[in-house]
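Keep in mind that the numbers below use all heavy atoms, side chains included, and drop hydrogens, waters and symmetry copies. Just so it is clear: chains get the letters A, B, ... in the order the sequence lines come, proteins before strands, and each one is counted from 1.
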Number of protein chains: 2
Amino acid sequence: MKKTSLNDIALHLGVSKTLVSFVLNGKGKEFRISEEICKKVLAVSKELNYQPNRIAQGLRTGKTNTIGLIIADIANPFFGILGREIEQEAAKFGYRVIFCSSDENPEKSRQQIEMLQQSQVDGYIISPPKDSEDQIRALALGNVPLVLIDRYFPEIECNHITVDNFDAAYRATNHLLRMGRKRIANITVNLDLVNMHQRTEGYKQALRDSGIRVEESLIKVLPFSHENKEVAKAVKDLVTKNSQNKVDAILFSTSKLGINGIESISALGLKIPDDIAIVSFDNPDAYKICVSPVTVVNQPLKEIGKTAVQILLGEIKHPDNHAKIQKVILKTDLIIRKSCGS
Amino acid sequence: MKKTSLNDIALHLGVSKTLVSFVLNGKGKEFRISEEICKKVLAVSKELNYQPNRIAQGLRTGKTNTIGLIIADIANPFFGILGREIEQEAAKFGYRVIFCSSDENPEKSRQQIEMLQQSQVDGYIISPPKDSEDQIRALALGNVPLVLIDRYFPEIECNHITVDNFDAAYRATNHLLRMGRKRIANITVNLDLVNMHQRTEGYKQALRDSGIRVEESLIKVLPFSHENKEVAKAVKDLVTKNSQNKVDAILFSTSKLGINGIESISALGLKIPDDIAIVSFDNPDAYKICVSPVTVVNQPLKEIGKTAVQILLGEIKHPDNHAKIQKVILKTDLIIRKSCGS
DNA sequence: TTGAATTACTAAATCGTTTTAGCAAAAATA
DNA sequence: TATTTTTGCTAAAACGATTTAGTAATTCAA
C-alpha cells in the first residue's frame, strides 16, 4: 500500500522518471516527448493514483507552496475572519497555510517564526506582538517575503496592511460628540502597538478639535491579557454617579473590551445609550443583537487578508520586487446603530 | 546569505556530516562521539545559527510533524476555539497544523484531503461535511491516522470525538418544558449530519417523554448556507400570533441560527422570554450580552480539541494502535441564563 | 554520401537530511 | 606477540522529486 512515486510510473512503462516528470509537469511538448508516450504516462499516473510528493518537490525546488501565518489568536473572530480570508486567497493560488496563534506573546512568536523558518515556508503574514521588533527586523532582512497586518513597527521598513486607525477613532469620537456627548472616555489595551496608539491619538485629536480638554484619567489602558474583572473595574470608575471620572460615553478600542464592557454596564444596572453611549472597534455578531445594537468601526477584514496574500505572492513570484515596499492603509466605515442614542 | 546546512557545519570542522547529525540529534553518546567534538559541533551550530531543514528531514524520515485540520469555517468561533486548542496541543508536541475550511462542501474537502496527502501530513483531524463518506472511508482505510470531530459517519469505523447531542438536546428541551413552555419548535440545519440529527431526535424524545405530540411542522430544517432571511422566515412562521404554528419556545441547533433568530425576533418586536423562550446550542459571546442572555448547551470545545490531538498523536507514535478505534462522547452542560424565563 | 540538425529520449547530479555498514587505530585480552 | 574488542569516526545510500547535460537514432541539407 505504498504511495506511487514517479519512479513507479517510470518502471511500469519502461521509461525514465525524467520523462515522467516532464510529462506530468506539462512540459511534454517543450521536451519533445511523443504524444503516444505522453498519453500512456498520464493514463498510468491516473491508474496508479499518483500524488506528487510535495515534500520531495520542496526539497528539490526550494519552494514549499506554504505560507506561515502568525496572529494573536485564531479563536478571536477578528483574526478568525482574517485567517479565513488568507487561507482562501492562498488556496486559490495553490498555497497552504500554517496557522500560529501568538497570544501577543513575543517569546511564542519567536518560536513560531523559527518553526516556520525550519518548515521552509515561502512567505510570512504576521500580526506582530509588542516587543517583537527584533524578530521582525531580522525576518525583513532575510530573503523570504513578509507582510505585516493589523500593525507594524514604524522604524522597520516592511510591507504592511493596516487601516487608518487614527481616522477611524477620530470619526467615532466625533460621532459621539455630534450625538451630544460631552465627556468621553477611551478604554484600550497595549498602547505600545501602533494601531492601538493611533486609535487613542485619533480620539484625543477629535476632542481637541472640538475644544475639549483631554483628560488622561479618562483613558484606561488595560494589559493585553485583561480579565473581565479589569474591564469591570475600569467601567465602574467611569460610570458611577459620584466618581469624578464620570463620563457619558466610552470608546472601546477592541471588541473584546467592548463586549466585556457592555456586560459590566448591564451588571451595574445602567442603560445604553440613555446612561452611557458607546462605540467600539470591530463588528462581532454580539454587537448586532445586544440590548442596544452597538455603533462600530468596521474594518475591511476580507480586504486586509486578500491584499496581504496578493502582495506576498507577488513577492514570492517576483523576488526582484523585494525592494519595493508596500504600505497599504485601508479605510474603515462607521456603522451607526443605537448605542449612541438618536 | 544561504542557510547553513549540516554539511556546512561538517566542513567548518573537518568532520563528516554523519557525525554532525548524530550530535545534533543527541545521539553523541550512543554513537561514541567524543565529548570534545560534541562540544565543538554544538558551538559551531549555534555560531552559524543552524536551523534543521524539516523538509529534508521529512523526505528522509517520512514524518513531517504536521497535521492537517479540516473544519467547516475557521471564521466561525465554534471552530475557531476548536482550532485554537488543536493548534496549541499539537504545538506542545512539536507538531504544526495546516488549517482548511471546507464550508461544509464535500468537493472542497476532497481537494483539501488530496492537498494534505500530497503534503505528507502525519495525521488528519476532520469535521467531515455531509456527502464526504467516500473520502473519509478511503482515508480511514489508509495508514495515516485520522480522528473525526463534531460529527462522524455511523457506518464508518473510525476514531471520533463528539458530544452527546441527543442528551444535550433532550435536557435543553426538558428545561423549556420545566419552565412551563408547552409548544416548542426546533430550528436546525442539514439533518444529514449525525450531530444535527441527534439533536433533533433528543428534542423529539423529550417531548414524547412529556406526553407531547411531535409536530413536524415545528421542526424547521434550513439549508447549510442559510441566509438571515431564511431564519427570519422560519421564525416568523413560528411566532406570529395567528400562525397555526405559533409556539412559545424555540430550540436552536446552532448559534448561527440562534443569533440570526434573535435578530429576527427583536425585529418583530417580540420579547424574550416573555413572548418566546429560547435555548441554543453553543455559547458565543453574543449570548452573554444580548437583551436576555441566552440559556445554552455549552460544548467542551477545549476538551474536544485536546482529546482529538492526543488520540491522533498516540496513533502516530504507535501505529500498532491503528486497529483500536476510539469513540469518545463528551458531556455538554446546560448554562441557564434568562432566555427561558424564571 | 557525408555532416549537421532534429527527435525522442536517459543518466546522473542535486536538494539536506538520516542511517546502515564499515574502517582504521587504539586498547584490551590471551 | 597475535588476536579480539572497543573507540571514534566516515562513506555512501536513500527519500522522491527536478533539471542539466548528454546520447543514439533518425531526418535533412548540400
Find every protein N or O atom lying less than 3.5 Å from an N or O atom of nucleotides 8-11 of chain C, and list the pairs.
unit_1: dA8(C); atom_1: N7; unit_2: R32(A); atom_2: NE; d: 3.4
unit_1: dA8(C); atom_1: N7; unit_2: R32(A); atom_2: NH2; d: 3.3
unit_1: dC9(C); atom_1: OP2; unit_2: S34(A); atom_2: N; d: 2.8
unit_1: dC9(C); atom_1: OP2; unit_2: S34(A); atom_2: OG; d: 2.8
unit_1: dT10(C); atom_1: OP1; unit_2: S16(A); atom_2: N; d: 3.4
unit_1: dT10(C); atom_1: OP2; unit_2: S16(A); atom_2: N; d: 2.9
unit_1: dT10(C); atom_1: OP2; unit_2: S16(A); atom_2: OG; d: 2.8
unit_1: dA11(C); atom_1: N6; unit_2: T18(A); atom_2: OG1; d: 2.9

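Side-chain contact annotation: R151(A) with S127(A), donor-acceptor N/O pair under 3.5 Å present. Side chains of R110(A) and Q135(A): no donor on one and acceptor on the other come within 3.5 Å. Between Q57(A) and R54(A), the side chains place a donor N or O and an acceptor N or O closer than 3.5 Å (distance only, hydrogens not considered). There is a side-chain donor-acceptor pair under 3.5 Å between E87(A) and S101(B).
As a whole-Å value, the separation of N7(B) CG from dA11(D) P is 11 Å. Look at CG on L6(A): it is 12 Å from P on dT19(D), rounded to the nearest Å. K27(B) has its NZ atom 19 Å from the C1' atom of dT7(D), to the nearest Å. What separates CD of E30(A) from C1' of dT18(D) is a distance of 13 Å, to the nearest Å. The interatomic distance linking L13(B) (CG) with dC9(D) (P) rounds to 11 Å, in whole Å. Rounded to whole Å, the distance from CG on N65(B) to P on dT17(C) is 15 Å. One interatomic measurement links the two molecules: CD of Q51(A) to P of dC15(D), which rounds to 20 Å at whole-angstrom precision.
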**Item:** Audit row: C158(B), I325(B), side-chain contact (heavy atoms from CB on, under 4.5 Å) steps and yes/no
**Value:** CA-CA 6 Å; C158(B) 178; I325(B) 285 164; 5.6 Å; no
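Contact check for L24(B) versus V41(B): side-chain heavy atoms found under the 4.5 Å cut-off. Proximity of N159(B) to E315(B): side-chain heavy atoms (C-beta onward) are separated by under 4.5 Å at one or more points. No side-chain heavy atom of K302(B) sits less than 4.5 Å from a side-chain heavy atom of Q88(B).
Remark: the backbone N or O of T64(B) is not paired with any side-chain donor or acceptor of Q120(B) at under 3.5 angstrom.
A salt bridge does not link E157(B) with R137(B): none of the charged nitrogens is closer than 4.0 Å to a carboxylate oxygen.
Atom CD1 of I98(B) sits about 10.0 Å away from atom CD1 of I67(B), to the nearest 0.5 Å.
For the helix from dT1(C)-dA30(D) to dA30(C)-dT1(D), the terminal axes (five pairs an end, C1' atoms, rotation from four pairs onto the next four) enclose an angle of 60°, given to 10 degrees.
Contacts of S21(A) with the nucleic acid, taken as non-hydrogen atoms under 4.0 Å apart, include base atoms.
Against DNA chain C, the stretch residues 54-63 of chain A makes heavy-atom approaches under 4.0 Å through L59(A), R60(A).
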